[in-house]
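This report concerns only the one structure given below.
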Protein chains: 2
Amino acid sequence: MKKKSVTIKDIAKEAGVSIATVSMIFNNKDKNISQGTRDRVMNIAKLHNYIPNSMARSLVTKRTKTLGLILPDIVNPFFPEIARGAEDKARESGYSIIICNTDDNLEQEDRYIEILTEKMVDGIIFTHSADRNNTNSGLERCRVPIILIDRDYDSDNVKGKVLIDNGEASYKGVIHLIEKGYRKITYIAGSLNTQTAKDRLKGYRKALEDNGIEFEEKYIKVGEYRSLWGMEAVTLLFEEGVDFDAIFCGNDLIAIGAMKKLKEFGKRIPEDIGIMGFDDIYMASLVEPELTTIKQPNYEMGHKAAQMLIRAIEGNEKNTESKIILETELVVRKSS
Amino acid sequence: MKKKSVTIKDIAKEAGVSIATVSMIFNNKDKNISQGTRDRVMNIAKLHNYIPNSMARSLVTKRTKTLGLILPDIVNPFFPEIARGAEDKARESGYSIIICNTDDNLEQEDRYIEILTEKMVDGIIFTHSADRNNTNSGLERCRVPIILIDRDYDSDNVKGKVLIDNGEASYKGVIHLIEKGYRKITYIAGSLNTQTAKDRLKGYRKALEDNGIEFEEKYIKVGEYRSLWGMEAVTLLFEEGVDFDAIFCGNDLIAIGAMKKLKEFGKRIPEDIGIMGFDDIYMASLVEPELTTIKQPNYEMGHKAAQMLIRAIEGNEKNTESKIILETELVVRKSS
DNA sequence: CAATTCAAGTTAAACGTTTAACCAATTTCA
DNA sequence: TGAAATTGGTTAAACGTTTAACTTGAATTG
């Protein structure tokens, strides 16, 4: 543990060259170094297992080759794929990723942005939480480029966005339910204070309207993005005596919880009640009946976000605020 | 983006003090600084939104307040909770976490260890992959303390381990199946080349032996820790005409896949076939029927590992190689 | 009242790199 | 043959901190 680590100086001394020479060799700026010297230095370095100290390097280059990934909760199965996509792209380009869970807590987000700038990450991928007043959040004060995933927001620091069209997605989901013959379609939402959630509600209402189905307040239940809430919401619907024949859910977790509770109430799916989720987490195809849902390309979102970020970092920073809307896909399975 | 960041020097100049003074104030080594100066410096710092550069700091202190977390795949639902537990503990103590997915690939592991030492992490939490020859792996060459999670291994650099007793866990799982009256118990394993897997097999065999049930090779199917393999393995068992009345699975994913396939074959669970998983991922209680399984305290494992690691880093390094064996718990639900 | 301690700082070296600017010896070219 | 270009390097400053050692003037002590 206290093994003193070998530095560029040691290598230089042993090879009988200046440290600049060693540095250049290690950075492939070695056109002006003879093959002999190069080999000698490399051998000595290998022998002593020399690993350059990237603190020292970063101090002068102002690049850490590290990215921050801020998301609500890695335990929510929606996020690991995003993280994985981002990590894969990052590694490919020589970057590492620091992961930060915020539990959708604004203070925690700000705190993390501060920590990350202190650690000098080169950029941040950010799934930010609900409504932020754009006065003086950490997001505004941040000094590195930010790419937003999944949830939209406008700010100077935001150099790119990777989103889906939530309105269109939920629209086509509800249309599918209507085509299947369902008419009394409830909506169990996870929240209503992100733009994402609002857009989805809009899509839901538009689908109803376009088909001459009247929207009713009592069809909407708002809670959180967890299976437990799906179960509670179904119980609530029954208790309130709401008459319904389908449920459109804010995400798959809610849908899976709802299905479980429906079965407990003796309902058959999809005969009595149709169910539709959102996200297409891997579990969606493993539950009984397999869940019809809207697939979000999570891995790709993470991957694309990392790609945009790295481009923003390394590119000749022509304020390239870009925005990618990825396609969602209606995945029809057995629950509808 | 190119906003030149304000340094300690700027603050010092504006406050009319030396940089040492500012540094001391920021590090709470300020017993010898008057309240007046302290306030003045703090105000100026806040005004300019001064954030210390931790590269520069780390360069002299040799501490980065960053940990590495190396695991096979964050998408596997077994790992996010570990990651979360580790992150929570880390944050609490002022550390950040760099996450690394290896896909159980040995070269990737070594590569990551190298990257992490280059980035000067203070320590590493590591769920290493299958059989490593202890000759010259990155694990041996690593210069920072390592805590192992879930999978055992011996090395000088390993300063601690957080494990469960896999033999005892699977033993009690199989005993439960036997008590429920099952006798022809197959075992769908995820792999057999980790010590973890071997121990589980041992527990399985011992449980059979202790109850006078003969062990049969054909009962064992070895594949990978995925639902798809669970489905395939069940198909295989039927194709081979194996006569069985219960399945002990290497993890919950396998169990969920197996259940799905069994239902397709028209088997009733638990009446015709009993199923037991391993891990207790959150999905286990949401599938139909709810899955009986062995609960691993994942969050706690991550949390404990981070705690041990931080202790090893900050403690007066009395070679405190420690080993924690956490308790597993048999969770009896509807599938057995 | 001289010697000592204390308060409130300052100075300067060190951490391990990168990189622009420089240099000497040799080779090329017109 | 002399100027220019190339080869194979070297020197030294800079990056932004921390920290041990030093300083200076005022207060305390015996």
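In what follows, every chain begins at residue 1, and chains take the letters A, B, ... in the order their sequences are listed. If you're wondering where the values come from, they're calculated on a predicted model, not measured in any experiment. All heavy atoms count here, side chains included; hydrogens, waters and symmetry mates do not.
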State whether [X] places a side-chain N or O below 4.0 Å from either non-bridging phosphate oxygen (OP1 or OP2) of [N].
{"X": "A:Thr21", "N": "D:dT10", "value": "yes"}
{"X": "A:Asn32", "N": "D:dT6", "value": "no"}
{"X": "B:Thr61", "N": "D:dT18", "value": "no"}
{"X": "B:Lys62", "N": "C:dG16", "value": "yes"}
{"X": "A:Ser18", "N": "D:dT10", "value": "yes"}
{"X": "B:Tyr50", "N": "D:dT17", "value": "yes"}

Find the distance [X]:[atom1] to [N]:[atom2] and express it as a whole number of Å.
{"X": "B:Ile8", "N": "C:dA14", "atom1": "CD1", "atom2": "P", "answer": "19 Å"}
{"X": "B:Leu59", "N": "D:dT17", "atom1": "CG", "atom2": "P", "answer": "12 Å"}
{"X": "A:Lys9", "N": "D:dA12", "atom1": "NZ", "atom2": "P", "answer": "14 Å"}
{"X": "B:Arg57", "N": "C:dA14", "atom1": "CZ", "atom2": "C1'", "answer": "17 Å"}
{"X": "A:Arg63", "N": "D:dC15", "atom1": "CZ", "atom2": "C1'", "answer": "15 Å"}
{"X": "B:Ile19", "N": "D:dT19", "atom1": "CD1", "atom2": "P", "answer": "13 Å"}
{"X": "B:Met55", "N": "C:dT17", "atom1": "CE", "atom2": "C1'", "answer": "13 Å"}
{"X": "B:Arg38", "N": "C:dA8", "atom1": "CZ", "atom2": "P", "answer": "9 Å"}

Any base atoms under 4.0 Å from [X], or only sugar-phosphate, or nothing? Heavy atoms, all strands.
{"X": "A:Phe26", "answer": "nothing"}
{"X": "B:Asn53", "answer": "sugar-phosphate"}
{"X": "A:Thr37", "answer": "sugar-phosphate"}
{"X": "A:Ser54", "answer": "nothing"}
{"X": "B:Ser34", "answer": "sugar-phosphate"}
{"X": "A:Lys29", "answer": "sugar-phosphate"}

Sidechain-backbone polar pair: B:Ser58 side chain, A:Met55 backbone, donor-acceptor under 3.5 Å: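 Pair absent, no side-chain N/O of B:Ser58 close to backbone of A:Met55.
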- prompt: With distance as the sole test, does A:Arg151 use its side chain to make a donor-acceptor pair with the main-chain N or O of A:Thr196 at under 3.5 Å?
  reply: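 Not confirmed, A:Arg151 side chain does not pair with A:Thr196 backbone.
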message: Please determine whether side chain to side chain donor-acceptor pair (under 3.5 Å) holds for the pair A:Tyr112 and A:Asn101, giving the CA-CA distance in whole Å, both sets of side-chain angles, and the decisive distance to 0.1 Å.
response: CA-CA 9 Å; A:Tyr112 266 128; A:Asn101 299 103; 5.9 Å; no
message: Tell me if the centroids of the rings in B:Phe26 and B:Tyr50 come within less than 6.0 Å of each other.
response: yes
- prompt: Ion pair present between B:Arg84 and B:Glu81, side-chain N to carboxylate O less than 4.0 angstrom?
  reply: no
Contact check, side chains of A:Arg57 and B:Glu118, non-hydrogen atoms, under 4.5 Å: yes
message: If you assign each of B:Ala56 and B:Met24 to its closest nucleotide in DNA chain C, which residue comes earlier from the 5' end?
response: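 It is B:Met24 whose nearest nucleotide is closer to the 5' end.
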- prompt: If you check every side-chain atom of B:Val60, which of D:dG16, C:dT10, D:dT11 has the closest atom?
  reply: D:dG16
